[in-house]
Amino acid sequence: FVVHFVWVLIFLPPTWLTLAGGIIYSSIYGFWGGFACATILGTAATILSGTTSYLISSKLFSQCLQNWCKKRCNLLLAFEAILKQQGYQLSLMLRLSAIPSSVLNYGFGLLNGVPFSVFIFGFLTTLFVLAFYAYIGCSLSSIVDLLLGNFGGSLAETIV
């Protein structure tokens with residue numbers, strides 16, 4: 001959990017850790033237990049680190065960047081206006097893109113007046129995406145078990 005939290009906080013995508021969690025937890029708890037464990041822990045760590053990164057950027061850097069952008073460009077103001085009008089569509093597009101979630105959370109923290117619905121929608125898309133990767137990780141664990149000829153037990157039992 002702590003590794004996943006720090007991983008996402010320093011701009012790294014949670015994809016690989018969620019895949020690894022699916023492989024490891026399904027080896028220990030079985031397919032559905034591993035899926036539930038990897039999804040719940042991965043989502044909790046990602047949401048907690050996302051909230052932390054949002055608060056860091058909004059409290060430490062928001063005012064400085066806004067002052068700089070008001071003098072030089074209107075890009076930040078245009079992005080804020082789009083987010084207020086079409087928050088769901090923009091949030092879905094950004095969350096399902098290849099941009100790491102921590103980068104998005106730091107970016108959302110720099111904006112003024114981000115609607116709460118964007119955060120709820122971001123949570124739901126994060127849950128969906130991480131559940132997808134946890135499922136793939138659990139499936140990979142099953143494939144590894146088959147390749148090792150371990151039809152009755154789990155990968156953890158084979159290693160131990």
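- Taking a 6.0 Å sphere around CZ of F5, one finds it holds more than 12 heavy atoms contributed by other residues, nucleotides or ligands.
- Looking at heavy atoms from C-beta onward, L124 lies out of side-chain contact with F128 at the 4.5 angstrom threshold.
- When hydrophobic clusters are built by joining Ile, Leu, Val, Met, Phe, Trp and Tyr residues whose side-chain heavy atoms come closer than 4.5 Å, directly or via intermediates, V6 is grouped together with L55.
- Of all heavy-atom pairs spanning S53 and N105, the tightest one is OG-CB, 3.2 Å.
- With values rounded to the nearest 0.5 angstrom, L140 atom CG is found 6.5 Å from L19 atom CG.
- Heavy atoms of other residues, nucleotides or ligands lying less than 6.0 angstrom from OH of Y135 number 12 at most.
- Taken together through direct or relayed side-chain contacts under 4.5 Å among Ile, Leu, Val, Met, Phe, Trp and Tyr, L96 and I136 form part of one hydrophobic cluster.
- Hydrophobic clustering (ILVMFWY, side-chain heavy atoms < 4.5 Å, transitive): W16 and Y133 are in one cluster.
- Atom-to-atom distance recorded for L127:CG and I47:CD1 is 8.0 Å, nearest 0.5 angstrom.
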Let me have the donor-acceptor pairs involving side chains of residues 29-45, under 3.5 Å, with sequence neighbours excluded, atom names and distances please.
from	atom 1	to	atom 2	distance (Å)
T39	OG1	F35	O	2.7
T43	OG1	T39	O	2.7

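- Looking at residues two or more places apart in sequence or on another chain, you find a side chain to side chain contact (heavy atoms under 4.5 Å, CB included) between I99 and L94, S97, V103, L104.
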